[in-house]
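The next block holds one structure in the form of structure tokens; read it before the comments.
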Amino acid sequence: MNFLQALAHPDDLVALVRFRFLGGAESVTPRVNLSTLDEPLRVCYQLLKRTSRSFSVVIQALDEELRDSVCLFYLVLRALDTVEDDMTISLSEKVPLLKKFHEYLEDPSWSYSKSTCKDGIVLEKFPIVSSEYRRLKPAFREVIKDITARMAAGFCIYLQKEVNTVADWDEYCHYAAGLVGIGLSRLFSASGLEDASVATATELSNSMGLFLQKTNIIRDYLEDVNDSRHFWPREVWSQYAQNIGDFRKPELAAQAMACLNHLITDALQHVPDVITYLSQLKNKSVFSFCAIPQVMAIATLARCYNNHNVFTGVVKIRKGEACAMMMQAVDLDKTLEIFRRRIFEVGSKISVTDPMASATLQSVQTVLVLCKYSQHKTTSSVVSTAAAARSKLHQHVAQLSHEDRDELYRLVSLSRHNASSKSLFSSPFFAWSLCLLAVTYQYWSSHVHPQQ
């Protein structure tokens with residue numbers, strides 16, 4: 001199906017063929033050989049794949065010691081999130097479970113079998129997860145236990161409180177994902193693969209998580225509202241409708257789009273911190289692990305911006321696009337190019353009638369400036385703290401403030417023109433030729449010259 005969808009997008013077809021058949025997947029996301037692992041750890045990686053195929057892929061690409069700790073970190077938080085998300089567990093039972101969850105890491109026998117969620121198997125097999133957790137180095141265990149306790153405390157707050165203000169939205173996203181970013185940064189430094197400064201850059205780490213979480217919340221509007229849940233802040237959506245579910249009504253399409261663009265503009269404020277954080281990473285596997293979800297997020301927001309399909313279905317980036325970005329997000333310069341291209345996409349869709357047009361344009365300009373400033377610089381020469389990054393950006397944006405919207409659109413039009421000028425490598429003929437070559441290679445490998 002992915003290849004059939006790619007027929008209308010030759011670039012996607014080329015990326016899919018490269019990723020699937022010509023070594024792209026192996027170079028970006030090498031897989032763990034599960035047969036070499038002890039049985040308990042092998043079960044953990046099987047649980048990881050079962051609960052999140054996307055995270056499973058990027059986690060397995062990490063260097064070994066860090067890889068195992070991140071795998072277990074994910075499974076522990078997945079188990080915690082399953083308890084929080086299970087609507088069949090009463091509040092009177094759920095809150096004590098969450099508050100004590102970090103203690104269960106030290107209990108060899110604790111498990112929970114009453115969850116009806118699809119990821120409940122992690123709770124059932126928690127003794128295996130906790131046993132592998134206790135085999136980790138003390139520095140890794142300390143991080144995982146601390147973040148688990150803090151996240152659980154935050155969940156307890158928002159089980160009994162709605163996301164009303166933008167400050168609430170930031171706080172909820174901090175508990176749900178910002179703490180994950182902070183914990184991962186501490187694991188990176190504890191492994192020795194990254195400098196100690198990465199662990200202490202908590203504001204940047206928090207922004208990494210907030211950008212991903214806000215993207216998911218924005219994209220998942222319809223699913224959440226249909227499940228009688230909502231995470232869009234009332235302070236924002238109430239400016240455009242009486243009830244958050246009203247955005248599904250065709251007659252409120254204009255208000256729905258305005259609210260959507262408002263929230264996307266809010267999420268874009270985290271992009272400078274994301275770029276600043278990525279610029280500090282030195283280890284290649286850590287960089288790819290961090291960069292791949294972020295480029296997927298900016299691509300998703302670009303696709304969602306000014307897109308009414310958010311209120312009628314699911315907006316996703318195409319598989320071929322995802323494969324292309326995974327193969328590109330291997331170093332800072334290529335990752336910045338993805339951000340630059342996607343932020344141009346947002347800029348090209350800004351409407352002068354949108355209430356947040358000016359703020360969105362400011363965010364677009366800011367990201368473009370930072371991409372230009374950071375590209376082709378050594379890690380040490382890139383702005384290393386969030387405060388310094390914002391100061392530098394403020395200077396650049398101030399210099400650009402005299403430029404009007406038409407200049408941005410001129411650049412966008414130029415970018416679109418360049419993109420539409422297809423080279424041989426992005427032509428349908430080349431795409432089909434490459435596809436045929438890959439299929440021939442696969443046949444030759446498996447039938448004519450099979451591996452011994």
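The shown structure was predicted, so the numbers you read here are calculated from the model rather than taken from an experiment. Worth knowing before you read on, the calculation uses all heavy atoms, side chains too, and leaves out hydrogens, waters and symmetry mates.
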Report the C-alpha distance between Y221 and F311 in whole Å, list the side-chain angles of each, state the deciding distance to 0.1 Å, and finish with yes or no for ring-ring contact (aromatic ring centres under 6.0 Å, His included).
CA-CA 7 Å; Y221 163 86; F311 304 98; 5.0 Å; yes
Please check: side-chain N/O of W232 versus main-chain N/O of I217, any donor-acceptor pairing under 3.5 Å?
yes
Got a donor-acceptor contact below 3.5 angstrom from the E194 side chain to the N283 backbone?
yes
Look at atom CD of E39 and say whether more than 12 heavy atoms of other residues, nucleotides or ligands are closer to it than 6.0 Å.
yes
Any sub-3.5 Å donor-acceptor pair from N307's side-chain atoms to N309's backbone N or O?
yes
Partner of E93 under salt bridge (Lys or Arg N to Asp or Glu O under 4.0 Å), picked from K114, K100, K99, is K114
Do side-chain atoms of E235 reach the backbone of V166 as a donor and acceptor pair under 3.5 angstrom?
yes
CA sep, side-chain torsions, deciding dist, call: D85, R229, salt bridge (charged side-chain N to carboxylate O under 4.0 Å, His left out):
CA-CA 11 Å; D85 205 40; R229 303 180 302 178; 3.0 Å; yes
Is it true that F101 and F126 have ring centroids separated by less than 6.0 Å?
yes
Looking at F231 versus Y172, is the centre-to-centre ring distance below 6.0 Å?
yes
Any donor-acceptor pair under 3.5 Å linking the side chain of K145 with the backbone of L105?
no
Has E345 got a side-chain atom pairing as donor or acceptor with R341's backbone, closer than 3.5 angstrom?
no
Output for pair (L210 CG, D273 CG), nearest 0.5 Å, gives 10.0 Å
Interatomic spacing from OH in Y240 to CG in D246 - rounded to 0.5 Å
15.5 Å
Do Y112 and Y104 come within less than 4.5 Å of each other through their side chains, counting heavy atoms only?
no
Please determine whether a side-chain nitrogen of the Lys or Arg among E321 and R342 lies less than 4.0 Å from a carboxylate oxygen of the Asp or Glu.
yes
Run the numbers on S207 and Y277 for side chain to side chain contact (heavy atoms under 4.5 Å, CB included), then give the verdict.
CA-CA 9 Å; S207 282; Y277 181 92; over 6 Å; no
Under 3.5 Å, side chain of K137 to main-chain N/O of S191, donor-acceptor pair present?
no
Smallest heavy-atom separation, K284 atom then V330 atom, equals CG-O, 4.4 Å
Check whether S111 reaches the backbone of L123 with its side chain - one donor and one acceptor, N or O, closer than 3.5 Å.
no
Check whether the side chains of N226 and R248 place a donor and an acceptor atom closer than 3.5 Å, and report yes or no.
yes
N/O donor-acceptor pair under 3.5 Å between Q269 side chain and D266 backbone
yes
Any V236 side-chain heavy atom under 4.5 Å of C259 side chain:
yes
Do the side-chain N and O atoms of E65 and S69 include a donor-acceptor pair separated by under 3.5 angstrom?
no
Is there a side-chain hydrogen bond (donor to acceptor under 3.5 Å, both in side chains) between T366 and Q362? Walk through the geometry before answering.
CA-CA 6 Å; T366 298; Q362 180 86 348; 4.9 Å; no
Worked check of side chain to side chain contact (heavy atoms under 4.5 Å, CB included) between S115 and V83:
CA-CA 7 Å; S115 175; V83 172; over 6 Å; no
Side chain proximity check, Q294 to H270, heavy atoms < 4.5 angstrom
no
Correct closest heavy-atom pair for V315 and R303 would be CG1-CG, 3.4 Å
So Y45 and R67, do their side chains get closer than 4.5 Å, heavy atoms only?
yes
Checking D63 side chain against L66 main chain: does a donor-acceptor pair fall under 3.5 Å?
no
Check whether more than 12 heavy atoms from other residues, nucleotides or ligands sit under 6.0 Å from atom CD of E142, and answer yes or no.
no
I'd like to check V310 versus R219 (side-chain heavy atoms, cut-off strictly below 4.5 Å). Are they in contact?
no
Let me confirm one number: the NZ-CD1 distance from K94 to I89, rounded to the nearest 0.5 Å.
5.5 Å
Do E171 and Y158 get their side chains close enough for a donor-acceptor pair, meaning under 3.5 Å?
yes
Determine, for R135 against D68, whether the closest basic-nitrogen to carboxylate-oxygen distance falls under 4.0 angstrom.
no
Distance in Å, S348 OG paired with I343 CD1, rounded so as to fall on 0.5 Å steps:
10.5 Å
Gap separating the CG atom of L72 from the OH atom of Y133, nearest 0.5 angstrom:
10.0 Å
Given side chains that start at C-beta, do those of V180 and M208 come closer than 4.5 Å, heavy atoms only?
no
Run K214 and D170 through side chain to side chain contact (heavy atoms under 4.5 Å, CB included) and show every step you take.
CA-CA 9 Å; K214 288 183 177 182; D170 285 343; 2.5 Å; yes
So do the side chains of R186 and I147 get within less than 4.5 Å of each other, counting heavy atoms only?
yes
Indicate whether the side chain of T82 and that of R78 have a donor and an acceptor atom separated by less than 3.5 Å.
no
Within a strict 4.5 Å, meaning less than it, do heavy atoms of the I317 and M296 side chains meet?
yes
Is there a side chain to side chain contact (heavy atoms under 4.5 Å, CB included) between F289 and V58 once you walk through the steps?
CA-CA 5 Å; F289 172 81; V58 293; 4.0 Å; yes
Atom CG of L80 and atom CG of L75: how far apart are they, to the nearest 0.5 Å?
12.5 Å
Please verify the inter-ring angle class for W237 with H230; under 30° counts as parallel, over 60° as perpendicular, anything in between as tilted.
perpendicular
